[in-house]
Amino acid sequence: MKSMNYIKVEFPSSSVNESFARNVAGCFAAQLDPTLEELGDIKTAVSEAVTNCIVHAYPDKLGVVLMKARILPENTLEIVVKDKGVGIADINKAREPMFTTGGDERSGMGFTIMESFMDKVKVRSTAGKGTTVTMRRRIICRKQVK
Amino acid sequence: MKSMNYIKVEFPSSSVNESFARNVAGCFAAQLDPTLEELGDIKTAVSEAVTNCIVHAYPDKLGVVLMKARILPENTLEIVVKDKGVGIADINKAREPMFTTGGDERSGMGFTIMESFMDKVKVRSTAGKGTTVTMRRRIICRKQVK
Amino acid sequence: MKVFCEKKNGRMRILLSGELDHNVARGVMSSIDALIDENLPRECILDMGGLSFMDSSGIAVILRTNKHMTDVGGRTWVENCEGQALRVLDAAGIDRVVKVYSK
Amino acid sequence: MKVFCEKKNGRMRILLSGELDHNVARGVMSSIDALIDENLPRECILDMGGLSFMDSSGIAVILRTNKHMTDVGGRTWVENCEGQALRVLDAAGIDRVVKVYSK
Ligand SMILES: Nc1ncnc2c1ncn2[C@@H]1O[C@H](COP(=O)(O)OP(=O)(O)O)[C@@H](O)[C@H]1O
Ligand SMILES: Nc1ncnc2c1ncn2[C@@H]1O[C@H](COP(=O)(O)OP(=O)(O)O)[C@@H](O)[C@H]1O
């Protein structure tokens, strides 16, 4: 039996790492043989989650962002994005479309996009302690023509 | 002043992660605006170092591989590849061209290639405890036409 | 990320190319703000045909451009959006605020 | 990683395309071994024009193919190697054992 693969990635909350993080997620997802559309969906969701750490979790300083990914049964990818930043006081409110504390530089659509691009999005947060976003997406198994 | 960027990446020693690891190193190196040739050199050196963990450090089991990378002054990239595997008894011998304990599936040219593609390669190892390979490469600053 | 601009008869076409994320969004916004203030166009088209990636930061760019154009008495819409960027706009339902024409 | 084969008058051309690393090297080696045993060619050309990446695992593939061809009384060389893969062969000095013709 093939043992299930995983990665753990740590990086500081600088904006330049937004593209790094989504590309790493894409490189890891590649082993599930996703379509370009599936790959795009995963990179988009990761970009949203990581940008939230950079913009909201650590507003005035650099903090540490942890991204974990693993392969679950049934060709499912799980991605966890975790910070030790300010946390979210009201998660239900935060997940509402258009809700943002980021002013007019943010749209408030981050969680909405994560939800519509992934099969499952779980948010856990403690004010002052940090936030963990766990996302899952099943990749359709295609017949391999090789 | 821009603070110096870094990443830490952990993954199991399965062969499928060879391409993952070199692509992650490539994604991280991208911020130094390397040429395609420089990028190829970095990915090659990482491929060699990570393959050594997979083939030699953990010959009969899956172990953990840790890859760290950071940006040093003067546009220099440092990459550290670390395992907690069997270790190397005689490092000087191991670094000789054509020396391999891997049979005819390996060429014994891994360290030679790391050395010729990177500016600096340092190997530290303790038999039974593991091996750490530290590599540095300065990326030539090009005039940015943007 | 690159921002180009074509002007013709009070219509301004802003061509965005590359990856539009939070890291570059502020720069894109201020480029667009400057172009609007300079040219005071009646119509501003955000041409997204050259984007290889866009996340919700692109939505903020669209909304802000729309607001700025409304302030100067003009109109904004999005053209040539496709693939991943179009899926982001669809998921956000931006069409209710700013018209989106795909390729 | 793909391995194709063209045969003509005792000459066999093996076309390698994709990324040649340790993960795929064993499969490539056994494909080539099988092709040599089946066709017993006088000349075996490893055509590396289609490789987008190669590390020292590719050197092991070349050396092993060369040994196998010597065993069956034939010759081996490398053709169309370029870019990153060529730099790997140059760094290893493989030319002293197997001739390398670049693009
Ligand atoms: N990692 C986080 N840490 C702290 N607050 C967060 C985090 N992620 C999201 N939030 C809060 O939730 C709100 C909504 O997030 P989101 O839907 O992604 O939209 P946006 O990022 O555009 O504001 C944010 O404005 C912020 O207040
Ligand atoms: N991470 C490692 N752990 C244990 N042994 C190693 C490690 N890296 C290299 N070695 C030893 O050094 C030798 C030479 O390595 P290298 O030059 O990379 O060539 P190759 O991988 O083709 O054998 C290996 O055959 C192995 O015995």
Side-chain angles (χ1 to χ4, degrees), chain B residues 11-23 25-26 34-59 65 81 94-118 121 137, chain D residues 1-2 16-34 36 46 48-71 76 78 81-98 100 102-103:
Chain B
F11 52 90
S13 62
S14 0
S15 278
V16 65
N17 291 328
E18 291 158 13
S19 64
F20 171 75
R22 64 179 178 261
N23 286 328
T35 60
L36 272 186
E37 185 167 323
E38 289 167 330
L39 208 55
D41 289 358
I42 290 161
K43 288 166 96 170
T44 311
V46 168
S47 201
E48 299 297 347
V50 168
T51 299
N52 279 351
C53 303
I54 291 168
V55 177
H56 304 299
Y58 305 110
V65 181
V81 176
R95 290 178 81 145
E96 278 172 18
M98 319 275 292
F99 176 84
T100 182
T101 57
D104 75 344
E105 282 187 12
R106 306 300 307 150
S107 65
M109 297 308 288
F111 279 128
T112 306
I113 286 169
M114 288 182 240
E115 281 160 11
S116 76
F117 281 27
M118 301 297 269
V121 178
R137 171 77 186 254
Chain D
M1 183 69 214
K2 282 175 185 146
L16 301 172
S17 80
E19 307 208 339
L20 176 44
D21 64 7
H22 160 259
N23 184 34
V24 301
R26 196 183 297 209
V28 171
M29 284 176 181
S30 57
S31 300
I32 295 176
D33 282 348
I36 294 175
L46 291 170
M48 301 198 146
L51 289 184
S52 52
F53 178 85
M54 190 191 84
D55 64 16
S56 72
S57 313
I59 296 170
V61 169
I62 295 172
L63 293 176
R64 180 172 166 136
T65 303
N66 186 53
K67 185 169 176 309
H68 196 162
M69 281 302 294
T70 308
D71 288 350
T76 302
V78 175
C81 198
E82 58 170 350
Q84 183 268 344
L86 183 59
R87 285 203 308 288
V88 168
L89 296 188
D90 284 347
I94 188 112
D95 215 37
R96 284 167 299 184
V97 186
V98 178
V100 174
S102 49
K103 231 174 209 166

Colleague: Return the option, out of B:N17, B:L36, B:T44, B:L39, with the maximum number of heavy-atom pairs under 4.5 Å with chain D.
Modeller: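 Of B:N17, B:L36, B:T44, B:L39, B:T44 has the most heavy-atom pairs under 4.5 Å with chain D.
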Colleague: Counting distance only, does the side-chain N/O of B:R137 pair as donor-acceptor with the main-chain N or O of B:F117 below 3.5 Å?
Modeller: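 Indeed, once roles are kept as given, a pair shorter than 3.5 Å links the two residues.
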Colleague: Under 4.5 Å, heavy atom to heavy atom, which residues of residues 50-58 of chain B contact chain D?
Modeller: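 So the qualifying residues are B:T51, B:I54, B:V55.
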Colleague: Please check this pair: side chain of D:D95 against backbone of D:V100, looking for a donor-acceptor N/O pair closer than 3.5 Å.
Modeller: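 Checked: pair present.
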Colleague: Taking side chain as everything from C-beta outward and backbone as N, CA, C, O, which of these in D:A92 sits under 4.5 Å from a heavy atom of chain B? Side chain, backbone, both or neither.
Modeller: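 Answer is both: backbone and side chain atoms of D:A92 are under 4.5 Å from chain B.
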Colleague: Which one wins on heavy-atom pair count under 4.5 Å against chain B: D:K67, D:Q84, D:R26, D:H22?
Modeller: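 That would be D:H22.
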Colleague: If you count heavy-atom pairs within less than 4.5 Å of chain B, which of D:M54, D:R87, D:M29 leads?
Modeller: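 Highest number of heavy-atom pairs under 4.5 Å: D:R87.
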Colleague: Measuring from D:S31:OG to D:K2:NZ, what's the distance to the nearest 0.5 Å?
Modeller: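 Atom-to-atom, D:S31:OG and D:K2:NZ are 13.5 Å apart.
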Colleague: So, B:T100 side chain and B:G102 main chain: donor-acceptor pair closer than 3.5 Å or not?
Modeller: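 Yes, the answer is positive, given that a donor and an acceptor are paired below the 3.5 Å cut-off.
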Colleague: Which bit of B:S116 is near chain D, if near means a heavy-atom gap under 4.5 Å: side chain, backbone, both or neither?
Modeller: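 Interface part for B:S116: side chain.
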Colleague: Can you name the residues that form a side-chain contact (heavy atoms from CB on, under 4.5 Å) with B:R95, not counting sequence neighbours?
Modeller: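 Here the qualifying residues are B:I91, B:F111, B:E115, B:V121, B:V123.
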Colleague: So, using side-chain contact (heavy atoms from CB on, under 4.5 Å) as the criterion, who are the partners of B:P97 when residues are at least two apart?
Modeller: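 Residues passing side-chain contact (heavy atoms from CB on, under 4.5 Å) with B:P97: B:M109, B:T112.
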Colleague: Does the B:E18 side chain pair with the main chain of D:N23, one donor and one acceptor, at a distance under 3.5 Å?
Modeller: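 Present.
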Colleague: My understanding is that only residues two or more places apart in sequence, or in another chain, count here; which of them pass side-chain contact (heavy atoms from CB on, under 4.5 Å) with D:L63?
Modeller: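 Listed in chain order: D:I59, D:I94, D:V97.
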